[in-house]
**Student:** 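Below are the structure tokens for one structure; questions will follow.
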2 protein chains.
Amino acid sequence: MADKVTIADVARVAGVSRQTVSNVLNTPDVVREETRRRVLDVVGELGYRVNQAARQMRTGRSRLIAIRIDPDRDGINGSVLDRFLHGLTDSAARSGYRVLLYTADDDRTEIATFEDLLGAYEPDGFVLTGTHHQDPRASWLLGKGVPFVTFGRPWGEESEARHPWVDVDGAAGTAAATRHLLDAGHSRIGFLGWPTGSGVGDDRREGWARTLAEAGIDPSGLSRATSDAVADGEAAARDLIDSDPGVTALVCVSDSLAVGGLHAARSPGLAWRVDTRPDLPIAVIGFDDTPVAKAVGLTSLSQPLKEAAASCVSLLARALDGTQTSQAPVLLEPSLVVRQSA
Amino acid sequence: MADKVTIADVARVAGVSRQTVSNVLNTPDVVREETRRRVLDVVGELGYRVNQAARQMRTGRSRLIAIRIDPDRDGINGSVLDRFLHGLTDSAARSGYRVLLYTADDDRTEIATFEDLLGAYEPDGFVLTGTHHQDPRASWLLGKGVPFVTFGRPWGEESEARHPWVDVDGAAGTAAATRHLLDAGHSRIGFLGWPTGSGVGDDRREGWARTLAEAGIDPSGLSRATSDAVADGEAAARDLIDSDPGVTALVCVSDSLAVGGLHAARSPGLAWRVDTRPDLPIAVIGFDDTPVAKAVGLTSLSQPLKEAAASCVSLLARALDGTQTSQAPVLLEPSLVVRQSA
DNA sequence: AGGCATGATTGGATCGTTCAAGTTAAGGAA
DNA sequence: TTCCTTAACTTGAACGATCCAATCATGCCT
């Protein structure tokens with residue numbers, strides 16, 4: 001069966017030359033309408049599909065997009081990349097591209113993998129995730145002239161956007177969360193974040209601080225920084241609430257810390273709060289809307305991952321197809337998913 | 001830069017013919033030792049990498065493995081596939097393969113995608129996940145003679161293993177969980193599962209039932225079936241405990257249902273139990289060791305996903321390289337990760 | 001009718017690799 | 001010596017698509 005149909009087979013059956021079939025598929029406007037239809041009929045009839053390897057050899061284009069898949073390093077947030085990947089695969093397929101995976105432990109080995117892949121499979125472009133200050137991967141790709149998009153803005157050199165990027169506006173998210181809490185009657189709203197220095201973490205903290213300040217509340221002393229683990233979040237929350245008993249709500253940089261915050265809020269040591277203000281239990285809002293948030297009823301900020309993935313593909317496809325040199329970055333807003341916790 | 005080094009370049013510099021370079025790389029035993037070393041030196045020096053497209057055109061082998069990526073349909077269990085994918089990408093790379101992603105909404109569209117991919121990118125093999133009774137995907141691939149491995153045993157026709165597969169022994173897992181509870185002093189151990197008919201669910205239930213029976217405890221009446229949502233799990237657990245107040249532990253088919261079970265066990269309506277037997281709180285064990293389990297301190301069964309992925313690659317690679325016709329399936333045992341809940 | 005521009009179609013060359021067949025040189029047996 | 005075998009390497013062809021340059025057909029103008 002399926003004895004590999006070639007363009008020559010289609011040409012023979014349709015009674016035209018190979019080139020005409022190729023034209024029908026690649027530059028339909030140079031072929032007469034009637035011929036075009038006839039060829040397309042035969043294509044459907046024989047189930048012809050263009051052979052990527054042969055096309056790639058001639059054109060140098062593989063129609064492959066490569067992306068790294070991480071081990072779910074920070075467990076609780078793992079499924080974020082998962083959902084992004086699904087969106088990417090879906091959008092890519094619609095634009096005629098396929099997604100190729102690779103792994104790498106650090107920037108150095110990732111760059112080595114770039115060389116490997118470019119030499120062997122020749123992907124047309126890369127999608128980089130987890131961008132950070134002074135990212136050597138971006139510089140390397142820029143140097144080689146390999147097209148790529150980052151999911152995550154270039155944190156270091158904000159001023160010069162030397163490559164297209166897509167990101168989710170973390171500050172806008174925490175700002176919305178903070179406003180939501182203000183509207184609900186909270187005023188002393190704390191923040192559980194990561195240590196200063198990570199672009200993502202600082203950005204999210206900034207949205208909270210700005211919104212509090214706009215409401216006339218001084219955010220100083222209301223923030224705690226810790227690593228991204230549930231236990232750390234619980235300890236930080238407890239510390240914050242102990243030091244400022246007026247705190248009635250927490251905005252968190254991640255669902256991990258938010259779950260820790262929830263534990264602290266419900267812990268026996270804080271029973272007095274529930275008794276004092278039963279009308280206003282400690283509210284908690286997380287970030288990323290992970291399955292964990294869904295499971296424990298945590299209000300959280302949801303990243304529009306499907307849209308982000310679609311934007312990545314669109315930017316990359318435009319860079320590959322046309323001769324677009326510089327492209328406007330895309331900044332998307334997360335949405336608040338309200339559950340029991342706030 | 002990086003002006004695409006071809007096998008002819010290597011041949012010229014090394015002072016041999018193209019074919020000899022090819023032989024050095026593919027069949028080193030037919031080349032004299034000295035020549036071999038000289039060619040390899042040049043290969044390293046020039047940074048030559050074999051062009052997949054050209055090789056594929058000649059040999060018909062793409063060194064690509066295709067796998068579907070799902071939207072995380074059942075949220076809480078989402079990251080299972082994620083971890084499996086990472087392991088697969090990693091193992092595949094070690095064997096000289098790359099992983100290609102695709103999406104599909106159902107079996108029919110997945111088969112259409114098979115045709116698309118086989119016509120265009122010609123992946124050497126597929127890894128199928130989420131196998132079920134009478135899976136048309138397996139039949140289709142068998143019919144076409146396309147190599148594939150399933151992660152998940154062929155539930156329908158257990159007797160005849162017409163293709164290699166890898167699976168995790170769910171029954172062994174729930175049996176281990178049940179034994180763990182028996183050892184801890186529990187005797188009336190309930191089971192929260194899915195409705196009969198899903199291979200995976202029935203298998204997991206069977207391990208629990210068998211172990212209870214072996215301990216001289218009649219499992220009938222101790223099982224509840226429901227769909228895989230936290231709220232459903234909570235309701236089912238409540239129903240079970242209400243109808244049999246002697247129940248002190250729950251083995252669950254998934255972490256989703258287990259989280260529901262935890263909620264029920266801690267709910268105010270069951271306070272009487274805590275008062276009656278404060279020494280023996282209701283224990284709960286889940287399945288899949290998802291991030292949620294880690295976050296809420298749920299004891300759960302962890303699938304050896306990395307090993308499963310490695311086995312898939314190994315089976316597939318052997319089917320592709322050698323002329324192995326039938327291959328022994330691989331059945332791995334999950335391990336119990338003990339946390340606070342049991 | 002002849003010339004000419006325009007559009008549609010064709011044949012040959014090419015991408016980088018591997019397969020199949022061929023060449024060369026060295027060694028051994030008759 | 002002559003023939004044969006074998007190891008080591010080389011040469012030409014082919015995979016299936018697209019690019020390029022050339023050819024053919026058509027209609028229009030003079």
Side-chain angles (χ1 to χ4, degrees), chain A residues 2-40 42-43 46-64 96 117-122 124 320-321, chain B residues 2-40 42-43 46-64 96 117-122 124 320-321:
Chain A
D3 332 79
K4 198 179 272 194
V5 184
T6 77
I7 205 171
D9 297 328
V10 176
R12 186 165 22 76
V13 174
V16 297
S17 70
R18 296 174 327 228
Q19 182 62 38
T20 299
V21 177
S22 177
N23 285 336
V24 167
L25 298 173
N26 300 306
T27 41
D29 46 311
V30 308
V31 180
R32 197 168 30 171
E33 172 63 16
E34 183 211 322
T35 313
R36 201 180 63 80
R37 257 207 309 273
R38 184 154 42 92
V39 169
L40 284 180
V42 176
V43 164
L46 300 186
Y48 168 77
R49 277 172 174 87
V50 56
N51 180 309
Q52 269 305 321
R55 164 181 281 181
Q56 177 181 347
M57 186 131 87
R58 194 70 247 261
T59 64
R61 301 272 315 267
S62 63
R63 304 205 74 88
L64 287 175
L117 285 173
L118 289 170
Y121 292 87
E122 305 182 285
D124 293 336
L320 292 170
D321 294 350
Chain B
D3 332 78
K4 198 180 272 194
V5 184
T6 78
I7 206 171
D9 298 327
V10 176
R12 187 163 23 76
V13 174
V16 295
S17 69
R18 296 174 328 234
Q19 184 60 36
T20 298
V21 177
S22 177
N23 284 336
V24 167
L25 298 173
N26 300 307
T27 43
D29 47 310
V30 306
V31 180
R32 196 168 33 167
E33 173 64 15
E34 183 212 320
T35 314
R36 200 180 63 80
R37 256 207 311 273
R38 184 154 41 95
V39 169
L40 283 180
V42 176
V43 163
L46 301 185
Y48 168 76
R49 277 172 174 86
V50 55
N51 181 307
Q52 270 304 322
R55 164 180 282 181
Q56 176 181 348
M57 188 131 89
R58 194 68 250 252
T59 64
R61 302 270 315 266
S62 63
R63 302 204 75 88
L64 287 175
L117 284 174
L118 288 171
Y121 292 86
E122 306 181 284
D124 293 335
L320 291 171
D321 294 350

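Letters go in sequence order (proteins before strands), and every chain restarts at 1.
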**Student:** Using the test salt bridge (charged side-chain N to carboxylate O under 4.0 Å, His left out), find all partners of B:Glu34 that sit at least two apart in sequence or belong to another chain.
**Tutor:**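 Testing B:Glu34 for salt bridge (charged side-chain N to carboxylate O under 4.0 Å, His left out), a comparison that skips the adjacent residues, returns none.
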**Student:** Sequence neighbours left out, what passes side-chain contact (heavy atoms from CB on, under 4.5 Å) with B:Arg49? Give chain and number order.
**Tutor:**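 Partners of B:Arg49 by the side-chain contact (heavy atoms from CB on, under 4.5 Å) criterion, ordered by chain and then number, come out as A:Glu115, A:Asp116.
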**Student:** Test of understanding: with side-chain hydrogen bond (donor to acceptor under 3.5 Å, both in side chains), list the residues that count as partners of A:Ser22, not counting sequence neighbours.
**Tutor:**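 Checked A:Ser22 against side-chain hydrogen bond (donor to acceptor under 3.5 Å, both in side chains); matches are A:Asn26.
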**Student:** According to side-chain hydrogen bond (donor to acceptor under 3.5 Å, both in side chains), who are the partners of A:Ser17, at least two apart in sequence or on a separate chain?
**Tutor:**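 Only A:Thr20 meet the side-chain hydrogen bond (donor to acceptor under 3.5 Å, both in side chains) criterion with A:Ser17.
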**Student:** Round to a whole Å and report the spacing from CZ of A:Arg36 to C1' of C:dG7.
**Tutor:**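 After rounding, the reported distance stands at 16 Å.
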**Student:** Taking only residues two or more places apart in sequence or in another chain, which ones pass salt bridge (charged side-chain N to carboxylate O under 4.0 Å, His left out) with B:Arg38?
**Tutor:**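 Listed in chain order: nothing, the list is empty.
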**Student:** For B:Gln52, which residues count as a side-chain contact (heavy atoms from CB on, under 4.5 Å) partner, sequence neighbours excluded?
**Tutor:**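 Result, side-chain contact (heavy atoms from CB on, under 4.5 Å) vs B:Gln52: A:Ala120, A:Tyr121, B:Arg55, B:Arg63.
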**Student:** Quick one: side-chain contact (heavy atoms from CB on, under 4.5 Å) partners of B:Val43, sequence neighbours excluded?
**Tutor:**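 Expected list: B:Val10, B:Val39, B:Tyr48.
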**Student:** Yes or no on side chain to side chain donor-acceptor pair (under 3.5 Å) for B:Asn51 and A:Glu122, after CA distance, side-chain angles and deciding distance?
**Tutor:** CA-CA 8 Å; B:Asn51 181 307; A:Glu122 305 182 285; 3.3 Å; yes
**Student:** With a strict under 4.0 Å distance from non-hydrogen atoms of chain A, what nucleotide opens and what nucleotide closes the contacted stretch of DNA chain D, reading 5' to 3'?
**Tutor:**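 Nucleotide range in contact with chain A: D:dG16 to D:dC20.
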**Student:** Residues in side-chain hydrogen bond (donor to acceptor under 3.5 Å, both in side chains) with B:Arg12, at least two apart?
**Tutor:**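 Here the qualifying residues are B:Asp9.
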**Student:** Let me have a per-nucleotide readout for nucleotides 12-18 of chain C, 5' to 3', with B, S or -, counting only protein heavy atoms under 4.0 Å.
**Tutor:** BBBBBBB
**Student:** State which residues pass side-chain hydrogen bond (donor to acceptor under 3.5 Å, both in side chains) with A:Arg37; sequence neighbours excluded, sorted by chain then number.
**Tutor:**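 With sequence neighbours excluded, A:Arg37 shows a side-chain hydrogen bond (donor to acceptor under 3.5 Å, both in side chains) to A:Glu33, given in chain and number order.
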**Student:** End-to-end bend of the helix from C:dA1-D:dT30 to C:dA30-D:dT1 (five-pair axes, 10° rounding)?
**Tutor:**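 That helix has its two terminal axes inclined by roughly 70°.
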